[in-house]
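First the proteins, then the strands, lettered A, B, ... as listed; each starts at 1. Computation of the quantities below employed the complete heavy-atom set of this structure, encompassing side-chain atoms and omitting hydrogens, waters and symmetry-equivalent molecules.
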There are 2 protein chains.
Amino acid sequence: MNEQLHIENQLCFRLYKLNKSITKLYAPLLKEAGLTYPQYLVMLVLWQDEKAKTIKDIGAILELDSGTLSPLLKRMEKLDLIKRTRSTLDERSVAIELTAHGKEIKNKAKFIPAKLFMLTGLTKVELTQLQQDLDELLSNTNQHLK
Amino acid sequence: MNEQLHIENQLCFRLYKLNKSITKLYAPLLKEAGLTYPQYLVMLVLWQDEKAKTIKDIGAILELDSGTLSPLLKRMEKLDLIKRTRSTLDERSVAIELTAHGKEIKNKAKFIPAKLFMLTGLTKVELTQLQQDLDELLSNTNQHLK
DNA sequence: CACAATTATATTGTGCACAATGTAATTGTT
DNA sequence: AACAATTACATTGTGCACAATATAATTGTG
């Protein structure tokens, strides 16, 4: 049989499973903070510097379009995590900022990265190396998109 | 600011983006074969040895439960890729086998892995090493799940 | 200035992914 | 053999992710 088509030889399949596996590791930790994983990513962006960002800004960082972000941010507004405001300067754009509650959650979330690092079982050196490898690969693959 | 909470320092975020990026690389290739990415994974399992497999078998390999597989396989049956048959030996289980059309598609698909390998820009040695690194990490993370 | 092109976001529709729950068949236990 | 437990799968409901399309605001161009 064609060894190249063997599922266990596919890089994509490892990434697919690993992505799911790690998301499941986050789930119980995020649940305490009342967040889903994509919501956590948005919060990370907003916690960065606690200044309002447009949907476009967030989309550029997370590589998500309005088809994903628009309903996601609406749900987050309902959860009192963020506030959405039409910009007065440019009526097309929507500014996203943290609510008081959204800012508070950061205190619960700040221990998550260390907890997750432990669960990976990697050393700091291994983690850094892997991050570099993945960055390089991501740079290659993104080069062929759009 | 807490550097640990910086989004660009998260391993999960790289995996998240990489997974999406690679899936998008597959999209145009799979479209020619009339498959989505998860459908391609199922086909890889069935192409392996062209014998019928239960939904449970497929789920064990892909790490997916019936909530995902049940509707996915129904769609695949509608597309004439597979046939679903209640087992006579054990009426609980459903046997999945390839249709003639499902077998044919393998000829279109067999060039996909090589095409994708090119798009990654990795050398064979780098790919092998990365696969090993990801396997190790997957083994660690899965250890903490269920 | 008129208006074509672009931009920022929203909406619709489809397909996963998964938690929770339901159901019928099978197996284990007494 | 009776029946409790388990197993295999299906269903329901929620939340992404994305392609395609729509809409209104802004910008660019003659």
Item to check | Charged N-O contact under 4.0 Å between B/Asp49 and B/Lys51 | outcome: no
Starting the side chain at C-beta, find the nucleotide from [options] nearest to [X].
{"X": "B/Ile55", "options": "D/dG15, D/dT11, D/dC9", "answer": "D/dC9"}
{"X": "A/Lys20", "options": "C/dC18, C/dA10, D/dA8", "answer": "C/dC18"}
{"X": "A/Lys24", "options": "D/dG15, C/dC18, D/dA8", "answer": "C/dC18"}
{"X": "A/Arg92", "options": "C/dA25, D/dT26, D/dG15", "answer": "D/dT26"}
{"X": "A/Asp90", "options": "C/dA25, D/dT26, C/dA20", "answer": "D/dT26"}

Please report the distance, rounded to the nearest Å, between [atom1] in [X] and [atom2] in [N].
{"X": "B/Leu69", "N": "C/dA17", "atom1": "CG", "atom2": "P", "result": "9 Å"}
{"X": "A/Gln39", "N": "D/dA17", "atom1": "CD", "atom2": "C1'", "result": "14 Å"}
{"X": "A/Leu79", "N": "D/dT14", "atom1": "CG", "atom2": "C1'", "result": "12 Å"}
{"X": "A/Leu35", "N": "D/dC16", "atom1": "CG", "atom2": "P", "result": "10 Å"}
{"X": "B/Lys31", "N": "D/dA20", "atom1": "NZ", "atom2": "C1'", "result": "10 Å"}
{"X": "B/Ile58", "N": "C/dA17", "atom1": "CD1", "atom2": "P", "result": "14 Å"}
{"X": "A/Tyr37", "N": "D/dC16", "atom1": "OH", "atom2": "P", "result": "13 Å"}
{"X": "A/Asn19", "N": "C/dC18", "atom1": "CG", "atom2": "C1'", "result": "14 Å"}

Checklist outcome for this item: Taking for A/Val94 and for B/Leu72 the nucleotide of DNA chain C with the nearest heavy atom, the one nearer the 5' end belongs to A/Val94
Checklist outcome for this item: Note: for B/Gly67 and A/Thr54 on DNA chain C, the residue whose nearest nucleotide lies more 5' is A/Thr54
Touch check for [X], heavy atoms < 4.0 angstrom, all strands: base, sugar-phosphate only, or nothing?
{"X": "B/Ser93", "value": "sugar-phosphate"}
{"X": "B/Thr68", "value": "base"}
{"X": "A/Leu64", "value": "sugar-phosphate"}
{"X": "A/Leu89", "value": "sugar-phosphate"}
{"X": "B/Ser66", "value": "base"}

Next on the checklist: Go through it in stages, so that I can follow the logic: the residues are A/Ser21 and B/Asn142, the test is side chain to side chain donor-acceptor pair (under 3.5 Å), and I'd like the CA-CA distance, side-chain angles, deciding distance and then a yes or no.
Outcome noted: CA-CA 6 Å; A/Ser21 181; B/Asn142 269 346; 3.0 Å; yes
Next on the checklist: Less than 6.0 angstrom from the centroid, inside 45 degrees of the normal: does A/Lys124 satisfy that with respect to the ring of A/Phe117?
Outcome noted: yes
Next on the checklist: With a 3.5 Å distance limit and no angle check, can you tell me whether B/Gln39 reaches the backbone of B/Thr36 through a side-chain donor-acceptor pair?
Outcome noted: yes
Item to check | Residue whose nearest DNA chain D nucleotide is more 5′ - A/Thr88 or A/Asp65 | outcome: A/Asp65
Checklist entry - Between B/Ala33 and B/Ile105, which heavy-atom pair has the shortest distance, and what is it? => result O-CD1, 3.5 Å
